[in-house]
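One structure is given below, encoded as structure tokens.
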Amino acid sequence: MTNVMASMISLLLLTTNVMADETAITDIAIGVKTSTLGLGVEAIKPVNSIDFRVGINEASYGSDKTIDNIDYSADLNAQTIVTEQSPLTQTH
């Protein structure tokens, strides 16, 4: 796990602890996912009549090619943080 991913997980846990003031800690839903944004972790916490969602993703892609005896190398490292608040969609 990279330092960026560890920092994003710390941010997720900090945000979750801040939101825990209104309701019990057992009301948090945590999920692991994979998408075009990479591997990710997501948490949803209901507070009063609002759902708070925080998600983090990390992806790394790389390619090395040789064309006409010339070496080409490309690397992509991407981290994404998503936050959202919305009205509750169901009874918790």
Side-chain angles (χ1 to χ4, degrees):
M1 182 181 332
T2 66
N3 288 336
V4 173
M5 187 68 161
S7 297
M8 289 189 290
I9 290 173
S10 296
L11 176 64
L12 173 67
L13 294 174
L14 176 64
T15 304
T16 300
N17 287 336
V18 168
M19 293 185 299
D21 290 341
E22 295 291 325
T23 57
I25 194 79
T26 57
D27 290 343
I28 297 173
I30 297 176
V32 178
K33 64 181 186 171
T34 183
S35 70
T36 56
L37 296 174
L39 296 176
V41 177
E42 189 172 273
I44 299 174
K45 172 80 175 148
V47 177
N48 294 331
S49 61
I50 298 174
D51 269 342
F52 289 95
R53 181 173 69 96
V54 176
I56 54 175
N57 300 293
E58 182 170 352
S60 297
Y61 302 100
S63 179
D64 295 319
K65 298 214 183 236
T66 301
I67 301 173
D68 295 330
N69 292 323
I70 300 173
D71 295 327
Y72 295 93
S73 178
D75 294 311
L76 171 65
N77 296 306
Q79 294 86 29
T80 309
I81 299 175
V82 177
T83 61
E84 176 184 326
Q85 62 185 33
S86 59
L88 289 177
T89 55
Q90 61 184 6
T91 304
H92 291 274

hydrophobic_cluster_shared for V54 and L37, side chain cutoff 4.5 Å: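 In one cluster with L37: V54, no.
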Kindly work out whether a path of hydrophobic side-chain contacts (I/L/V/M/F/W/Y, heavy atoms less than 4.5 Å apart) joins V82 to V47.
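Not linked; separate clusters.
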Among residues at least two apart in sequence or on other chains, which ones pass side-chain hydrogen bond (donor to acceptor under 3.5 Å, both in side chains) with S60?
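S60: side-chain hydrogen bond (donor to acceptor under 3.5 Å, both in side chains) contacts with N77.
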Within this structure, what is the [atom1]-[atom2] distance for the pair [X] and [Y], rounded to the nearest 0.5 Å?
X	Y	atom1	atom2	answer
I81	E58	CD1	CD	11.0 Å
R53	S86	CZ	OG	8.0 Å
I56	T80	CD1	OG1	10.0 Å

*For the student: nearest non-hydrogen atoms of A59 and G38, plus distance*: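 Taking every non-hydrogen atom into account, CB-CA, 3.6 Å.
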Checklist line | Smallest separation among heavy atoms of G62 and D75, with atom names | finding: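 Taking G62 first and D75 second, the nearest heavy atoms are CA-OD1, 3.7 Å.
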So do [Y] and [X] actually touch side chain to side chain, heavy atoms under 4.5 Å?
X	Y	answer
T66	Y72	no
D51	K45	no
N57	K33	yes

Evaluate the side-chain contact (heavy atoms from CB on, under 4.5 Å) criterion for residues I30 and E42: first the C-alpha distance (whole Å), next the side-chain angles of each, then the deciding distance (0.1 Å), finally the verdict. CA-CA 6 Å; I30 297 176; E42 189 172 273; over 6 Å; no
